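So the structure is just underneath, and the comments pick up after that.
Since the model is a prediction, treat every value here as computed from it, not as a measurement.
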Amino acid sequence: MGMIGGGKDAFIGAVHRLAANMDGLIELTAGALSVHPEVGYESGKLLFLPDNRIYTSYEEMLNKESELPADERIDFVTIVTPNFAHFAPAMMALEKGFNVVIEKPMTLTLEEAKKLKAKVEETGLTLCLTHTYSGYPMVKQAKQMVAEGALGAIRKIIVEYPQGWLSTLSEREGNAQAAWRTDPSKTGKSGSMGDIGTHAAHLAEYISGLKITKICADLNIVVPGRAIDDDGNVLLKFDNGSNGILIASQIAAGEENALKIKVYGEKGGLEWHQMEPNTMIVRWSNAPAQIYRTGNGYMGSFAQHNTRTPGGHPEGYLEAFANIYRNFALTVDAKLNGEQPTAEMLDFPTTEDGVRGMAFIENVVASSQSDQKWLDYKL
């Protein structure tokens with residue numbers, strides 16, 4: 001792995017490295033870790049990278065790595081920069097023949113996302129988008145149960161992601177994460193919906209297997225002086241005619257990362273909370289409710305493939321993140337060896353999810369600004 005961004009003062013870079021390292025399949029061997037050369041060099045030394053694999057820019061890294069023999073160069077790059085700096089390094093990496101892992105949202109605009117998807121299709125390379133929450137074993141169990149018809153036809157989806165960390169104008173108080181995430185030039189045209197609403201929308205589509213077709217959105221700037229939405233509510237219509245509700249807020253004071261989803265079908269419903277990830281409640285219309293727990297033998301093949309510990313030993317955020325890296329690595333390795341990856345290996349977010357994520361942002365903003373009640377979901 002070669003990493004772009006994620007130096008010593010960054011938040012998400014360390015999470016990616018921990019996740020990538022968890023299963024012993026991936027080794028960090030090169031990095032362009034900061035736009036500031038001295039920070040990048042110091043970060044590389046702290047990670048025990050050799051001097052000749054610490055680069056001052058992503059362009060330098062991709063050019064020099066592509067000139068190395070195949071058994072020495074990196075196999076893929078991970079891009080952990082702010083949103084506005086995703087597209088260019090991802091495109092260059094693909095052009096140079098490298099697979100890509102990229103933070104979400106995939107790009108700054110929908111048009112960029114479409115171009116990136118086209119480049120992946122042209123090159124035949126693999127791109128993984130780190131929608132972390134789809135990596136939890138219990139989320140995979142929910143998806144498999146829905147796909148197998150356990151709940152019957154899906155009728156309603158309720159998903160919410162409340163956070164409270166932007167309840168004050170912290171971007172003016174020295175909070176670097178808040179500063180770029182609330183700056184439209186760096187994060188894109190949406191704040192809370194772009195940052196966490198995309199996670200909620202992805203989770204709804206991932207578990208249900210459905211696609212959003214219509215939306216009715218209301219975005220709000222709650223904290224005075226903020227340049228971009230910090231709260232929002234969206235009504236959803238899905239391609240099977242069912243409906244849903246999505247809430248994303250970063251001004252829900254006191255909340256941490258309280259992502260929750262409920263999916264209801266003809267026969268029953270399921271409920272999962274990210275902050276208690278080993279548990280899922282399944283309710284039936286004609287039988288007692290059930291409590292599913294990660295690590296048990298009754299879990300499906302996708303959940304079992306992504307479970308590391310015995311039942312009762314919590315698997316959390318880092319393990320979910322690592323599942324995405326593990327499945328990506330197994331897929332890339334299979335392709336390098338001329339083998340067909342299994343369905344379980346291929347179960348990670350791709351450019352299709354990236355395009356739909358950017359479409360979600362574009363459509364939510366357009367709907368919120370429109371006087372029309374419902375807008376068709378445009379890709």
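A donor-acceptor pair is defined here as one N or O able to donate and one able to accept, closer than 3.5 Å; such a pair exists between the side chain of Ser66 and the backbone of Leu62. For the pair Asp183 (side chain) and Ala179 (backbone), a donor-acceptor distance under 3.5 Å is absent. Side chain of Thr78 to backbone of Met3: no donor-acceptor contact under 3.5 angstrom is found. Panel note: side chain Thr123, backbone Lys119; a donor-acceptor pair is recorded below 3.5 Å. With hydrogens and angles ignored, the 3.5 Å screen pairs no side-chain donor or acceptor of Thr351 with any backbone N or O of Gly354. In this structure, the side chain of Glu315 engages the main chain of Arg308 through a donor-acceptor pair within 3.5 Å. Lys104 contributes a side-chain N or O that, together with a main-chain N or O of Asp195, makes up a donor-acceptor pair within less than 3.5 Å. For Asp333 (side chain) and Ala329 (main-chain N/O), no donor-acceptor pair under 3.5 Å exists by modelled atom type. Gln304 contributes a side-chain N or O that, together with a main-chain N or O of Met299, makes up a donor-acceptor pair within less than 3.5 Å. Under a 3.5 Å cut-off, the side chain of Glu319 and the backbone N or O of Gly316 do form a donor-acceptor pair.
Between His199 and His131, the two ring planes are perpendicular [angle over 60°; tilted spans 30° to 60°].
Leu246 and Ile228 are assigned to two separate hydrophobic clusters, defined by single-linkage of ILVMFWY side chains at heavy-atom distances under 4.5 Å. When hydrophobic clusters are built by joining Ile, Leu, Val, Met, Phe, Trp and Tyr residues whose side-chain heavy atoms come closer than 4.5 Å, directly or via intermediates, Val39 is not grouped with Tyr41.
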Exercise. Under the side-chain hydrogen bond (donor to acceptor under 3.5 Å, both in side chains) criterion, do Glu65 and Tyr55 qualify, and how do the steps go?
Worked result: CA-CA 10 Å; Glu65 289 289 323; Tyr55 299 102; 2.7 Å; yes
Problem set entry | Full working for side-chain hydrogen bond (donor to acceptor under 3.5 Å, both in side chains) between Asn83 and Lys186 | CA-CA 6 Å; Asn83 303 358; Lys186 292 181 171 61; over 6 Å; no
For this session: Apply the test side chain to side chain contact (heavy atoms under 4.5 Å, CB included) to residues Leu235 and Asp218: give CA-CA distance (whole Å), side-chain angles for both, the deciding distance (0.1 Å), then the verdict.
Result: CA-CA 9 Å; Leu235 299 178; Asp218 172 39; over 6 Å; no
Problem set entry | Residue pair Arg326, Leu330: steps toward the side chain to side chain contact (heavy atoms under 4.5 Å, CB included) verdict | CA-CA 6 Å; Arg326 178 172 172 264; Leu330 291 171; 4.0 Å; yes
For this session: Would you check, one step at a time, whether the test side-chain hydrogen bond (donor to acceptor under 3.5 Å, both in side chains) holds for Gln290 with Trp284?
Result: CA-CA 8 Å; Gln290 295 176 318; Trp284 304 106; 3.0 Å; yes
Exercise. Would Leu94 and Leu116 count as a side chain to side chain contact (heavy atoms under 4.5 Å, CB included) if you check the C-alpha gap in whole Å, the side-chain angles of each, and the deciding distance to 0.1 Å?
Worked result: CA-CA 9 Å; Leu94 293 167; Leu116 206 53; 3.9 Å; yes
For this session: I would like to know whether Glu255 and Gln163 meet side-chain hydrogen bond (donor to acceptor under 3.5 Å, both in side chains); could you show each step before the answer?
Result: CA-CA 5 Å; Glu255 293 284 9; Gln163 294 178 336; over 6 Å; no
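A cation-pi geometry, defined here as NZ or CZ lying under 6.0 Å from the six-membered ring centre and within 45° of its normal, does not hold between Lys211 and Tyr377.
If you look at Tyr136 and Trp272, their ring centroids are closer than 6.0 Å. Checked against the 6.0 Å centroid threshold, Tyr298 and Tyr292 count as a close aromatic pair. Aromatic rings of Phe76 and Phe328 (six-membered ring for Trp) have centroids within the 6.0 Å cut-off, being under it. The aromatic ring centroids of Tyr325 and His16 lie less than 6.0 Å from each other.
Considering all non-hydrogen atoms of both residues, Thr187 and Leu108 come closest at C-CD1, 3.6 Å. Taking each heavy atom of Val223 and Leu166 in turn, the nearest pair found is CG2-O, 3.5 Å.
Separation of atoms SG (Cys128) and CD1 (Ile324) is listed at 6.0 Å; rounding is to 0.5 Å. Atoms CD and OG1, from Glu339 and Thr342 in turn, are 11.0 Å apart once rounded to the nearest 0.5 Å. Here the CG-CG distance, from Asp353 to Leu129, works out to 6.5 Å after rounding to the nearest 0.5 Å.
Looking at Asn327, Asp347, Asn323 one by one, the single match for side chain to side chain donor-acceptor pair (under 3.5 Å) with His305 turns out to be Asn327. Checked options Asp231, Asp229, Asp230; the residue passing with Ser192 is Asp229 (criterion: side chain to side chain donor-acceptor pair (under 3.5 Å)).
Salt bridge annotation for Lys45-Glu42: absent, with no cationic side-chain nitrogen under 4.0 angstrom from a carboxylate oxygen. Lys115 has no carboxylate O lying under 4.0 Å from a charged side-chain N of Glu111, or vice versa, which leaves the two without a salt bridge. By the 4.0 Å N-to-carboxylate-O rule, Glu271 lies close enough to Arg283 to be salt-bridged with it. Ion pairing of Lys189 with Glu362 is present here, as a side-chain N (NZ or NE/NH1/NH2) and a carboxylate O approach within less than 4.0 Å.
Between Ile281 and Leu270 the shortest side-chain heavy-atom distance does not fall below 4.5 Å.
Between the side chains of Asn363 and Lys378, no donor N or O sits under 3.5 Å from an acceptor N or O. Using modelled atom types and a 3.5 Å distance limit, the side chains of Lys156 and Asn243 yield a donor-acceptor pair.
Glu60 CD: more than 12 foreign heavy atoms inside a 6.0 Å radius.
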